[in-house]
A.B. asks: 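Please see the structure below; I have some questions.
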Amino acid sequence: MVEYGNPDVVIVGAGAVGTSCAFHLAAAGMRVMVLEQDRVASGSSTCATGAMYSISADFNDADYLRWGVQGHYSTKEIVPVLEDLSGITTGFQCRPALRLAIDDEEETQVRADLTWQSEVMNTRWLTPDEVRSIEPRISGEVRGAALEPEAIQVPADVLSQAFMRSAERFGATFVPGVATGLEWSGDRVTGVRHSQGTISCDNVVLAMGASAAVASNWFDYQVPVRPLRGERLMLRWPSPPLQVLLSTPRRGHLISRLDGYLSIGSTGGRDFDDRDNWIVDQGAAIAEPHPAPTPEARAELLARAIEVLPTIEFATVGQQITGIRPLSRDTRPIIGPVPGREGVFLATGHTHRGIHLAAVTGELIRDLVVHGRWLRTSCDASLLDPARFLS
Ligand SMILES: Cc1cc2nc3c(=O)[nH]c(=O)nc-3n(C[C@H](O)[C@H](O)[C@H](O)COP(=O)(O)OP(=O)(O)OC[C@H]3O[C@@H](n4cnc5c(N)ncnc54)[C@H](O)[C@@H]3O)c2cc1C
């Protein structure tokens, strides 16, 4: 019989979201156990670009954009703390971001979004000359761009490791195993069943990424998360690194990482992508969290990136990365108590923004578990509450 101690809270899943929850809860004094079927950052969080720009169309109205802005500040604040506690250098970089318009449709979209984005955050329109004075290698076709003076990129797998290692400094423990169900006393959770036994606890946080819908069998709430496939490329580009994070609605991101790679992508994650083309079967996503890369994605990603930075023609592909994102029904995270149950919390469904929102998700879960409510006033927790899907 394995002895699991007596945790206050068990977190299922050690991606960026689960490890952030572990860190924030452990730092608040809770005894935390993380149950993971594989290793830290073995799911979507190992493939993410780790881009955090709030001018992305993912934050599709002012209230949700406030979460994007808070996610930025929460990450910027916590990364130095994590680096100090864990001894891990994360590869965090803070740079301006440009959301470029290369064609008519992109210009219409970027300008339309700016009208309301500029009421929530610091952003403005740049002319083509201004854009090319910042980065002369951008195509002469550029129509302009929205500027975000400070955005972030951090390798998501390393960030997750830093969260977990820092959580361990506050006593959190990592247990390998597959969660298979929950134990109850009435509607109150009393433990987590897994491949090797049961762990007794008063609180459970389900941070299972794209597999979150599996937990619908454990209570009478359907977790509205589906697996959304994505691919990106890491290029060796014989040109000095970009000093700005670039993205366009149709052509995705182009970001020079501190390790020397230029990341481009991602399929299924660009603003004009039809998501239905990238949704995959739940069983297949569980069996294969990193499906084989496709030559079609590689060709398409390169062709589109060349439209933004023509000298990418001379780049070579270092890696082609595939992953499965947790797509929620409205593309926004699902964070909060499972309706009708006590002690069980969801932290999933982050879709394209799980790294951007990992730090603030950990704060929200900590507040909900420890204080029973969200303490920050900068953004509205009801927007992410699982109960929103009941009406
Ligand atoms: C190509 C690509 C690029 C991306 N780029 C960005 C980006 O630039 N910025 C951004 O913010 N987001 C990006 N994303 C999205 C981001 O990767 C996800 O939103 C984020 O990783 C979700 O984190 P998570 O912790 O919820 O899920 P995961 O990282 O998938 O973690 C879930 C964990 O739960 C474990 N698990 C599941 N079921 C069980 C079980 N029953 N028992 C035990 N363990 C279990 C899994 O093994 C896994 O480790 C990108 C995604 C892709 C695919």
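Indexing begins at 1, ligand by ligand and atom by atom, following the structure's order.
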A.B. asks: With atoms numbered from 1 as shown, which atoms in ligand 1 lie under 4.0 angstrom from a non-hydrogen atom of Gly43?
C.D. replies: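 Every atom of ligand 1 under 4.0 Å from some heavy atom of Gly43: 29 (O), 30 (O), 49 (O).
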A.B. asks: Please identify which atoms of ligand 1 are closer than 4.0 Å to at least one heavy atom of Ala207.
C.D. replies: 32 (C), 33 (C), 34 (O)
A.B. asks: Checking Thr294 against Glu231: is there a side-chain donor and acceptor pair closer than 3.5 Å?
C.D. replies: yes
A.B. asks: My understanding is that we take every heavy atom of each candidate and find the minimum distance to atom 23 (O) of ligand 1. Doing that for Gly354, Ser45, Pro333, Pro227, which one comes out nearest?
C.D. replies: Ser45
A.B. asks: Under 3.5 Å, side chain of Arg169 to main-chain N/O of Leu85, donor-acceptor pair present?
C.D. replies: yes
A.B. asks: Take every heavy atom of Gly265, measure it against each atom of ligand 1, and state whether any distance is under 4.0 Å.
C.D. replies: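 No, Gly265 has no heavy atoms under 4.0 Å from ligand 1.
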A.B. asks: When you check the gap from the basic side-chain N to the acidic O, do Glu183 and Arg193 get nearer than 4.0 Å?
C.D. replies: yes
A.B. asks: Is there a donor-acceptor contact under 3.5 Å linking the side chains of Trp374 and Ser382?
C.D. replies: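 There is no such pair (donor and acceptor under 3.5 Å, judged by atom type) between the side chains of Trp374 and Ser382.
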A.B. asks: Below 4.0 Å from ligand 1: does a non-hydrogen atom of Thr348 turn up there or not?
C.D. replies: no
A.B. asks: As an exercise, identify every atom of ligand 1 less than 4.0 angstrom from a heavy atom of Ser266.
C.D. replies: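 Per the distance check, 1 (C), 2 (C), 3 (C).
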A.B. asks: Any salt bridge between Asp259 and Arg257, counting N to O under 4.0 Å?
C.D. replies: yes
A.B. asks: Specify the protein heavy atom at minimum distance from atom 5 (N) of ligand 1: its residue, its atom name, and the distance to 0.1 Å.
C.D. replies: Thr49 N, 3.2 Å
A.B. asks: Is there a heavy atom of Ala156 sitting under 4.0 angstrom from any atom of ligand 1?
C.D. replies: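 Contact check Ala156 vs ligand 1: negative.
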A.B. asks: Looking only at N/O atoms, are Arg39 and ligand 1 under 3.5 Å apart anywhere?
C.D. replies: no
A.B. asks: Gly177 heavy atoms, cut-off 4.0 Å: which ligand 1 atoms fall inside?
C.D. replies: 42 (N), 43 (C)
A.B. asks: Taking the minimum heavy-atom distance to atom 31 (O) of ligand 1, which of Gly15, Ala297, Ala51, Gly349 ranks first?
C.D. replies: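 Shortest heavy-atom distance from atom 31 (O) of ligand 1: Gly15.
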A.B. asks: Any idea which of Ala179, Ala14, Gly181 brings a heavy atom closest to atom 42 (N) of ligand 1?
C.D. replies: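 Considering heavy atoms of Ala179, Ala14, Gly181, the nearest to atom 42 (N) of ligand 1 sits in Ala179.
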A.B. asks: Mark up the atoms of ligand 1 that fall under 4.0 Å of a heavy atom belonging to Ser42, in ascending order.
C.D. replies: 47 (O), 49 (O)
A.B. asks: Looking at Gly50, which atoms of ligand 1 are within less than 4.0 Å of one of its heavy atoms?
C.D. replies: 7 (C), 8 (O)
A.B. asks: Does Arg353 qualify as a cation-pi partner of Tyr53, given the criterion of NZ or CZ under 6.0 Å from the six-membered ring centre and within 45 degrees of its axis?
C.D. replies: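 Yes - Arg353 lies over the ring of Tyr53, closer than 6.0 Å to its centre and within 45° of its axis.
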A.B. asks: Does any N or O of ligand 1 fall below 3.5 Å from an N or O anywhere on Val17, backbone included?
C.D. replies: yes
A.B. asks: For the side chain of His24 and the backbone of Asp367, is there at least one donor-acceptor N/O pair under 3.5 Å apart?
C.D. replies: no
A.B. asks: Between Gln161 and Asp157, does any side-chain donor sit less than 3.5 Å from a side-chain acceptor?
C.D. replies: no
A.B. asks: Closest non-hydrogen protein atom to atom 44 (N) of ligand 1, residue and atom name please, with distance?
C.D. replies: Gln37 N, 3.2 Å
A.B. asks: Are any of the N/O atoms in His350 less than 3.5 Å from those in ligand 1?
C.D. replies: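 For ligand 1, there is no N or O atom that lies under 3.5 Å from one belonging to His350.
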A.B. asks: Less than 3.5 Å between some nitrogen or oxygen of Trp218 and one of ligand 1, yes or no?
C.D. replies: no
A.B. asks: When you measure from atom 12 (N) of ligand 1 to each heavy atom in Arg229, His253, Glu36, His352, which option holds the nearest one?
C.D. replies: His352
A.B. asks: So for Thr351, does at least one of its heavy atoms come nearer than 4.0 angstrom to any atom of ligand 1?
C.D. replies: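 Distance cut 4.0 Å: Thr351 passes for ligand 1.
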A.B. asks: Check each of Ser328, Ser44, Gly68, Gly323 against atom 18 (C) of ligand 1 and report the one with the nearest heavy atom.
C.D. replies: Ser44
A.B. asks: Between Thr127 and Asp129, do the side chains contain a donor N or O and an acceptor N or O under 3.5 Å apart?
C.D. replies: no
A.B. asks: Taking the non-hydrogen atoms of Gly269, is any one of them nearer than 4.0 angstrom to ligand 1?
C.D. replies: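 False for this residue.
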A.B. asks: Within 45° of the axis and under 6.0 Å from the centre of the six-membered ring of Trp278, does NZ or CZ of Arg325 qualify?
C.D. replies: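 No cation-pi geometry.
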A.B. asks: Is it true that Asp61 and Arg332 have a side-chain N and a carboxylate O under 4.0 angstrom from each other?
C.D. replies: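 A salt bridge links Asp61 with Arg332.
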A.B. asks: Do you see a donor-acceptor pair shorter than 3.5 Å between the side chains of Glu106 and Thr248?
C.D. replies: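 Judged by distance alone, the side chains do pair up.
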A.B. asks: Any N or O of Ala347 that comes nearer than 3.5 Å to an N or O of ligand 1?
C.D. replies: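 No, Ala347 has no N/O under 3.5 Å of an N/O on ligand 1.
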A.B. asks: Could you check whether Asp385 pairs with Arg388 (Lys NZ or Arg NE/NH1/NH2 to Asp/Glu carboxylate O, under 4.0 Å)?
C.D. replies: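 No, Asp385 and Arg388 are not salt-bridged.
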A.B. asks: Could you tell me if the side chain of Arg341 sits less than 4.5 Å from the side chain of Asp187, heavy atoms only?
C.D. replies: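 Yes, their side chains come closer than 4.5 Å.
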A.B. asks: Is it the case that ligand 1 has an N or O less than 3.5 angstrom from some N or O of Arg325?
C.D. replies: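 The answer is no, given that Arg325 and ligand 1 share no N or O pair closer than 3.5 Å.
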A.B. asks: Among all protein heavy atoms in this structure, tell me which lies nearest to atom 4 (C) of ligand 1, with the distance rounded to 0.1 Å.
C.D. replies: Ala48 CA, 3.4 Å
A.B. asks: Closer than 4.0 Å to some heavy atom of Ala16 - which atoms of ligand 1 meet that?
C.D. replies: 25 (O)
A.B. asks: Any N or O on Gly230 sitting closer than 3.5 Å to an N or O of ligand 1?
C.D. replies: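 Looking only at distances, the answer is no, because the N/O contact criterion of under 3.5 Å is not met.
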A.B. asks: Thr123 vs Gln117, test: side-chain hydrogen bond (donor to acceptor under 3.5 Å, both in side chains). Steps then yes/no.
C.D. replies: CA-CA 7 Å; Thr123 177; Gln117 287 169 331; 5.3 Å; no
A.B. asks: Taking 4.0 angstrom as the limit and counting only heavy atoms of Gly13, give me the atoms of ligand 1 inside it, by number and element.
C.D. replies: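 So the atoms of ligand 1 that pass are 33 (C), 34 (O), 35 (C).
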A.B. asks: Which part of Met208 is near ligand 1, with near meaning a heavy atom under 4.0 Å away: side chain, backbone, both or neither?
C.D. replies: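 Met208 to ligand 1: contacts from backbone and side chain alike.
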